[in-house]
Amino acid sequence: MTIDLGRGLVLRNPVMTASGTFGYGEEYTDFVDLSQLGGIIVKGTTLNPREGNPYPRMAETPSGMLNCVGLQNKGVQYFIDTIYPRIKDFDTNVLLNLSGSTLEDYVKGAEMIDALDKIPAIELNVSCPNVKQGGMAFGVTCAGISQVVSEVRKIYHKHLMVKLSPNVTNIAEIALAAEAAGADSVSLINTLMGMAIDAERRKPKLSVVTGVGGISNATDAVEFMLAGASAIEIGTANFIDPAVSAKVAWGINEYCERHGFEKVTDLIGALEC
Amino acid sequence: MTKQIADFKLVEKRDFGRSVLLRLRSEQALPDIAPGQFVQVRVDGSPSTYLRRPISIHDVDFQQNKITLLVQQVGEGTRHLAAANLGDLINMVFPLGNGFTLPEKGENVLLVGGGIGIAPLFYFAKVLNDKGIKPTLLLGGKTESDLLRLADYQQLGETFVTTEDGSIGEKGFVTMHSVWQKQSFDKIYVCGPKPMMKAVAKLAAEKGVWCEVSLENLMACGLGACLCCVEDTEEGNVCVCKEGPVFNTRRLKW
């Protein structure tokens, strides 16, 4: 079931939990054996502490929820001093979601995270729509994404995943710009509808994509992988069934056995049309 | 406290009009449950209800693995829950939140409930009784029919009542009841609508009495992960689902 996303980020299976929906993992240990997951992506963190938006922050819809938390967090230094010691020995990959409002915030934050042995990757959040300067300015243009990714790349030595905003005209262009600037992978917050295809190879043009958005069971996860995702993140579904992430991992395994896929990587882009 | 996710079978249902009592039995032994903690109930079969619904724990029977909920129908989710039939399975994540701080033996304790906010005070009063503490209860409603299970509450401690229309007890709000003039208390615990809790908290503060309130902000995860249900406190925004729902009023910026 192993997935190698590159630059040292090797997942036990393709299932990760999306930032902001799984806390720091500690909140879910009564329900999920974290060693059953490919990784957990912990709460969106910024260089300096943020109080977030005032209550109320959430509206339910028939098919999910809208939220505007506004990146409430206690900052990178607090994470390093207080949270990291508690979660660094989890038997899974712990990725940190890093957000910022200026280029300097991203670079300084990434530099501090780079020093943490047990954090194998950053998910660079350039797509938070809920704060005035939540990195969106970087995430919606090719020039912006190139700038932030290339600057972070200079000082960050581990796997750099970039979480992109769906609120753009053409997400494929932005994703390609991120990759060209040194991103090891991208997590696509929306479905893969906008993906660029390499016609000659009949494969997605991007090498490593993590699929995010509306995955609540193994079938959803397999669909994302068949469409080209190397890994997937589970988000809001964690609120409905706190044990869902481990169930999805088992379900993907079961799917592979049932359909004769020897390796889970064989699922990636295997859609037959 | 270990949290569980489990299917419960609906084994008893009592209809109180707008509210309903649901007694639910699990196949598994229950973990420790503190008074004031809550459950997150999955609402099956309601197309417009996506998230679980947080409901306070009204009563617990550890011998028979039963949890009882008192559910007021306020929207589609709770309407669906109230329509459950005997034998239906209801999935719950529990116990969540922190619960009330237990008083010392010998302290004079007042439990103040308003409307459906009386629900968690039943289990709390039972636990206090088990510890040899007889609380005083002050329960308020708009009208007599809001005071659910009044006779059962009266078994757990001296019980005073107010109604806005005067249909039972003293007419007016809980803060206007004569018991405030006649008795003094060491600890006050409140659950009810926010304006009522704020009024009681203000009264307690004026008297210099320790006071805890149970909040019910809009929640999604119930586990402290999504940061949706925050309350503004002296330490900044904190999750009601994890750091609460019970807060000492000194922590709150009320």
Side-chain angles (χ1 to χ4, degrees), chain A residues 17-32 40-45 49-75 78 83 97 128 130 214 216 234-247, chain B residues 1-7 31-32 39-54 75-78 80 91-97 194 215-244 252-253:
Chain A
T17 55
S19 174
T21 66
F22 208 68
Y24 294 104
E26 299 166 306
E27 293 85 346
Y28 283 80
T29 49
D30 283 341
F31 310 108
V32 178
I40 61 173
I41 305 177
V42 301
K43 276 178 189 167
T45 304
R50 289 183 53 89
E51 265 304 305
N53 295 325
Y55 177 84
R57 295 174 165 182
M58 185 269 287
E60 185 182 27
T61 75
S63 53
M65 57 181 269
L66 304 169
N67 76 86
C68 55
V69 171
L71 285 174
Q72 180 183 331
N73 79 98
K74 292 186 174 172
Y78 180 88
I83 301 181
N97 179 288
C128 182
N130 292 330
S216 62
I234 296 175
T236 313
N238 288 308
F239 304 158
I240 314 307
D241 179 0
V244 71
S245 52
K247 289 179 188 170
Chain B
M1 255 173 245
T2 312
K3 300 180 191 79
Q4 285 186 5
I5 176 168
D7 284 331
D32 286 343
V39 298
Q40 279 267 64
V41 185
R42 196 180 69 210
V43 183
D44 297 333
S46 166
S48 63
T49 309
Y50 180 78
L51 297 167
R52 288 174 178 262
R53 290 293 183 266
E76 269 308 302
T78 44
H80 246 83
N91 186 273
M92 303 204 287
V93 178
F94 70 100
L96 302 175
K194 214 167 203 174
L215 306 185
E216 55 164 2
N217 292 9
L218 206 61
M219 288 177 191
C221 73
L223 299 167
C226 71
L227 308 185
C228 287
C229 63
V230 292
E231 183 74 17
D232 193 11
T233 72
E234 293 300 331
E235 311 108 79
N237 285 325
V238 302
C239 286
V240 167
C241 68
K242 192 178 177 192
E243 303 248 344
L252 302 173
K253 287 189 177 169

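Just so we're on the same page: letters track the sequence lines, and every chain starts at 1.
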Open item on the list: Applying ring pair (Phe, Tyr, Trp, His ring centres under 6.0 Å), can you list everything that pairs with F239(A), at least two apart in sequence or on another chain?
Closed with: none

- [ ] Just give me the residue among P62(A), P54(A), G20(A) that pairs up with chain B most often, heavy atom to heavy atom, under 4.5 Å.
- [x] P62(A)

TODO: Work out which heavy atom in K3(B) is nearest to a heavy atom in D30(A); give both atom names and the distance.
DONE: N-OD2, 2.8 Å

Task: Carboxylate-amine/guanidinium proximity below 4.0 Å for K74(A) and E235(B) - done: no

- [ ] Check L223(B) against E27(A) and note the closest heavy-atom contact, atom names and distance.
- [x] O-CG, 3.2 Å

Task: Heavy-atom closest contact (G23(A) atom, A225(B) atom, distance) - done: N-CB, 3.4 Å

Open item on the list: Just so I understand: if I count every heavy-atom pair under 4.5 Å between each of G52(A), P56(A), S63(A) and chain B, which residue has the most?
Closed with: S63(A)

TODO: Apply side-chain contact (heavy atoms from CB on, under 4.5 Å) to the pair F31(A) and V93(B), showing each step before the final yes or no.
DONE: CA-CA 10 Å; F31(A) 310 108; V93(B) 178; 3.5 Å; yes

TODO: First locate atom OG1 of T21(A), then atom CG of L227(B), and finally report the distance between them rounded to the nearest 0.5 Å.
DONE: 11.0 Å

Task: From CG (L218(B)) to CD (E60(A)), nearest 0.5 Å - done: 8.0 Å

Open item on the list: Taking side-chain contact (heavy atoms from CB on, under 4.5 Å) as the definition, give me every residue that meets it alongside E76(B), ordered by chain and number, with sequence neighbours left out.
Closed with: S46(B), S48(B), T49(B), R79(B), H80(B)

- [ ] Answer with side chain, backbone, both or neither: which region of Y28(A) has an atom nearer than 4.5 Å to a non-hydrogen atom of chain B?
- [x] side chain

Task: Side-chain heavy-atom pair C228(B), M65(A) within 4.5 angstrom cut-off - done: yes

Task: Contacting region of D232(B) [heavy-atom separation from chain A under 4.5 Å] - done: neither

Task: Contact winner vs chain B - N238(A), T236(A), I240(A), T61(A), heavy-atom pairs under 4.5 Å - done: I240(A)

- [ ] Go through the atoms of N217(B) and report whether side chain, backbone, both or neither lie under 4.5 Å from a heavy atom of chain A.
- [x] both

